[in-house]
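Not measured: the values here are computed from a predicted model. Chain identifiers are assigned alphabetically (A, B, ...) following the order of the sequence lines, protein sequences preceding nucleic acid strands; residue numbering begins at 1 within each chain.
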Protein chains: 2
Amino acid sequence: MTDQLDIGSLLFIAYRAMGDRVFAAITEAGYDDVTMAQFKLLQRINADGTRLSELAEATQVTKQTAGYLVDQLEAGGYVERGPDPTDARARLIRQTGKAQAIHPIAVAAIAEIEAEWTAHLGKRRMDQLRDGLARLREITDPYLGR
Amino acid sequence: MTDQLDIGSLLFIAYRAMGDRVFAAITEAGYDDVTMAQFKLLQRINADGTRLSELAEATQVTKQTAGYLVDQLEAGGYVERGPDPTDARARLIRQTGKAQAIHPIAVAAIAEIEAEWTAHLGKRRMDQLRDGLARLREITDPYLGR
DNA sequence: CTAAAATAGTCAGTCTCTCTGACTCTTAGA
DNA sequence: TCTAAGAGTCAGAGAGACTGACTATTTTAG
């Protein structure tokens with residue numbers, strides 16, 4: 001059972017390996033008050049601002065959980081809540097400059113890890129892996145039905 | 001940022017999609033007292049019995065966390081703790097028949113999801129995906145250095 | 001046009017998982 | 001032998017996730 005893992009466990013092992021290292025890079029760069037859960041949420045906020053419900057759906061947590069994480073990000077100065085001009089019930093969550101500064105750090109860490117993975121798998125297999133995962137997202141990302 | 005996700009997020013989305021469904025299948029089959037965290041641990045117990053430290057390392061949690069989960073699995077009748085004949089400090093954790101009965105349910109659920117994924121990607125791309133992930137495990141699974 | 005239903009978000013409470021730190025018991029090494 | 005390392009447990013704390021109940025606004029149906 002240990003040697004022949006299912007594809008789900010294989011996905012998790014790779015995800016975890018990358019996630020831990022990207023997160024470590026961000027922490028080491030001085031952003032040590034952002035947690036993994038907060039960072040995942042941050043990644044799903046787009047430039048025009050994103051609603052709490054959308055973030056909750058994208059990250060597959062309840063609105064309450066998303067609200068809890070946004071509270072913390074707001075307290076840390078990473079996001080701002082503003083009104084949504086099209087709907088007075090809703091509020092738009094936007095990244096601040098502080099949050100945007102994290103982006104290049106994450107990108108650099110990801111590039112480094114991807115380079116290691118490419119060195120191990122070879123460029124062709126790495127491209128196939130990325131392509132397969134991107135296509136799979138079409139049927140596995142609930143948020144893509146937005 | 002939402003449309004062009006990094007490979008880490010892509011891995012997570014696919015993992016989550018599979019994990020949720022396998023877990024739902026197990027729950028629906030009546031094993032509704034097993035949690036996701038417990039199931040992940042269960043998957044890493046091999047036929048000869050596995051030490052707590054090994055489980056902790058394989059699932060990337062502390063020994064305390066692994067112990068907490070094993071306590072619950074033991075209370076639910078899914079695992080048993082026995083002595084390790086080769087080392088009196090250690091104990092071997094073994095799956096009971098009840099835990100083994102979960103296995104075919106998980107396998108069936110995984111097969112169903114993989115069939116859907118194969119239908120979407122095509123057999124060639126699916127095989128490449130599985131192959132890529134398995135090879136990646138060589139450098140991303142800390143437990144493989146056992 | 002108004003009343004009912006749906007949607008966006010918050011507040012309160014709880015539970016699970018995870019961690020750190022301190023401890024015991026056993027084994028292995030100098 | 002006796003000291004260091006390893007296996008596991010106990011205790012305490014915090015993060016993140018949930019359900020349920022609530023307010024305010026928008027949409028839909030009659």
Engineer: Could you tell me how far apart B/K40 (NZ) and C/dC17 (P) are, to the nearest whole angstrom?
Structural biologist: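 After rounding, the gap between these two atoms is 10 Å.
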Engineer: Regarding B/T65, tell me which of base, sugar-phosphate or nothing describes its non-hydrogen contacts under 4.0 Å with the strands shown.
Structural biologist: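 If one applies the 4.0 Å heavy-atom cut-off, B/T65 turns out to touch a base.
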Engineer: How many Å lie between CD on A/E74 and C1' on C/dG9, as a whole number?
Structural biologist: 13 Å
Engineer: Heavy-atom contacts under 4.0 Å between residues 8-27 of chain A and DNA chain C, which residues?
Structural biologist: none
Engineer: B/L55 has an atom CG; how far is it from atom P of C/dT18, in whole Å?
Structural biologist: 13 Å
Engineer: At how many degrees, to 10°, do the end axes of the helix from C/dC1-D/dG30 to C/dA30-D/dT1 meet when each uses five pairs?
Structural biologist: 30°
Engineer: To the nearest angstrom, how far is A/L92 atom CG from C/dT7 atom C1'?
Structural biologist: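 Rounded to whole Å, this separation is 15 Å.
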Engineer: In this structure, how many angstroms lie between the C1' atom of D/dA17 and the CD atom of A/Q72, rounded?
Structural biologist: 12 Å
Engineer: Using the closest heavy atom to pick a nucleotide of DNA chain D for each, name whichever of B/I93 or A/Q60 lands nearer the 5' end.
Structural biologist: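 Mapping each residue to its closest nucleotide by heavy atoms, the 5'-most match is B/I93.
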Engineer: To the nearest Å, give me how far apart OH (A/Y68) and P (C/dT14) are.
Structural biologist: 16 Å
Engineer: In whole Å, what is the span from the CD atom of B/E57 to the C1' atom of D/dG8?
Structural biologist: 15 Å
Engineer: Does any non-hydrogen side-chain atom of A/V107 lie less than 4.5 Å from one of A/H103?
Structural biologist: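 With C-beta onward as the side chain, the pair touches.
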Engineer: Going by salt bridge (charged side-chain N to carboxylate O under 4.0 Å, His left out), name the residues that satisfy it together with B/D33, two or more places apart in sequence or in a different chain.
Structural biologist: none
Engineer: Under the salt bridge (charged side-chain N to carboxylate O under 4.0 Å, His left out) test, which residues partner A/E114, sequence neighbours left out?
Structural biologist: A/R130
Engineer: Using a cut-off of strictly less than 4.0 Å, decide whether B/T62 has a side-chain nitrogen or oxygen near OP1 or OP2 of C/dT20.
Structural biologist: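 No, no such contact exists.
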Engineer: For A/Y31, what residues pass the ring-ring contact (aromatic ring centres under 6.0 Å, His included) criterion, not counting sequence neighbours?
Structural biologist: none
Engineer: Provide, to the nearest angstrom, the distance between the CG atom belonging to A/D71 and the P atom belonging to C/dA8.
Structural biologist: 18 Å
Engineer: Got a sec, which residues hit ring-ring contact (aromatic ring centres under 6.0 Å, His included) with B/F12, two or more places apart in sequence or on another chain?
Structural biologist: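 Checked B/F12 against ring-ring contact (aromatic ring centres under 6.0 Å, His included); matches are A/Y15.
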Engineer: So, is A/R91 close to the C/dT7 phosphate, meaning a side-chain N or O under 4.0 Å from OP1 or OP2?
Structural biologist: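 No, A/R91 has no side-chain N/O under 4.0 Å of OP1/OP2 on C/dT7.
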Engineer: Using a 4.0 Å heavy-atom cut-off, write out nucleotides 21-30 of chain C from 5' to 3' as B (base contacted by protein), S (sugar-phosphate only) or - (no contact).
Structural biologist: B----BS---
Engineer: Could I get the full list of salt bridge (charged side-chain N to carboxylate O under 4.0 Å, His left out) partners for A/E116, not counting sequence neighbours?
Structural biologist: A/R21
Engineer: Hey, is the side chain of A/S53 poking within less than 4.0 Å of OP1 or OP2 on C/dT7, counting only N and O atoms?
Structural biologist: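 So the side-chain polar atoms of A/S53 never come under 4.0 Å of the phosphate oxygens OP1 or OP2 of C/dT7.
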Engineer: Given 3.5 Å as the limit, does a donor-acceptor pair link the side chain of B/T140 with the main chain of B/L136, or not?
Structural biologist: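 Here the side-chain-to-backbone pair exists.
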Engineer: Where the side chain of A/R81 is concerned, which of D/dG16, C/dT18, C/dT10 is the nearest nucleotide?
Structural biologist: C/dT10
Engineer: Please tell me which of A/A37 and B/R51 maps to the more 5' nucleotide of DNA chain D, matching each residue to the nucleotide holding its nearest heavy atom.
Structural biologist: B/R51
Engineer: Do B/R135 and A/R125 touch side chain to side chain, with heavy atoms closer than 4.5 Å?
Structural biologist: yes
Engineer: Taking only residues at least two apart or on different chains, which pairs with a member in residues 94-104 of chain A satisfy salt bridge (charged side-chain N to carboxylate O under 4.0 Å, His left out)?
Structural biologist: none
Engineer: According to side-chain hydrogen bond (donor to acceptor under 3.5 Å, both in side chains), who are the partners of B/R91, at least two apart in sequence or on a separate chain?
Structural biologist: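 side-chain hydrogen bond (donor to acceptor under 3.5 Å, both in side chains) check on B/R91 returns nothing, list empty.
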Engineer: State which residues pass side-chain contact (heavy atoms from CB on, under 4.5 Å) with A/E80; sequence neighbours excluded, sorted by chain then number.
Structural biologist: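 Expected list: A/T96.
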Engineer: Between C/dT18, C/dA8, D/dA15, spot the one nearest the side chain of A/K63, thanks.
Structural biologist: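 Nearest to the side-chain atoms of A/K63, counting from C-beta on, is C/dA8.
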Engineer: The criterion is salt bridge (charged side-chain N to carboxylate O under 4.0 Å, His left out); which residues satisfy it with B/E74, sequence neighbours excluded?
Structural biologist: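 For B/E74, the residues satisfying salt bridge (charged side-chain N to carboxylate O under 4.0 Å, His left out) (neighbours in sequence not counted) are B/R81.
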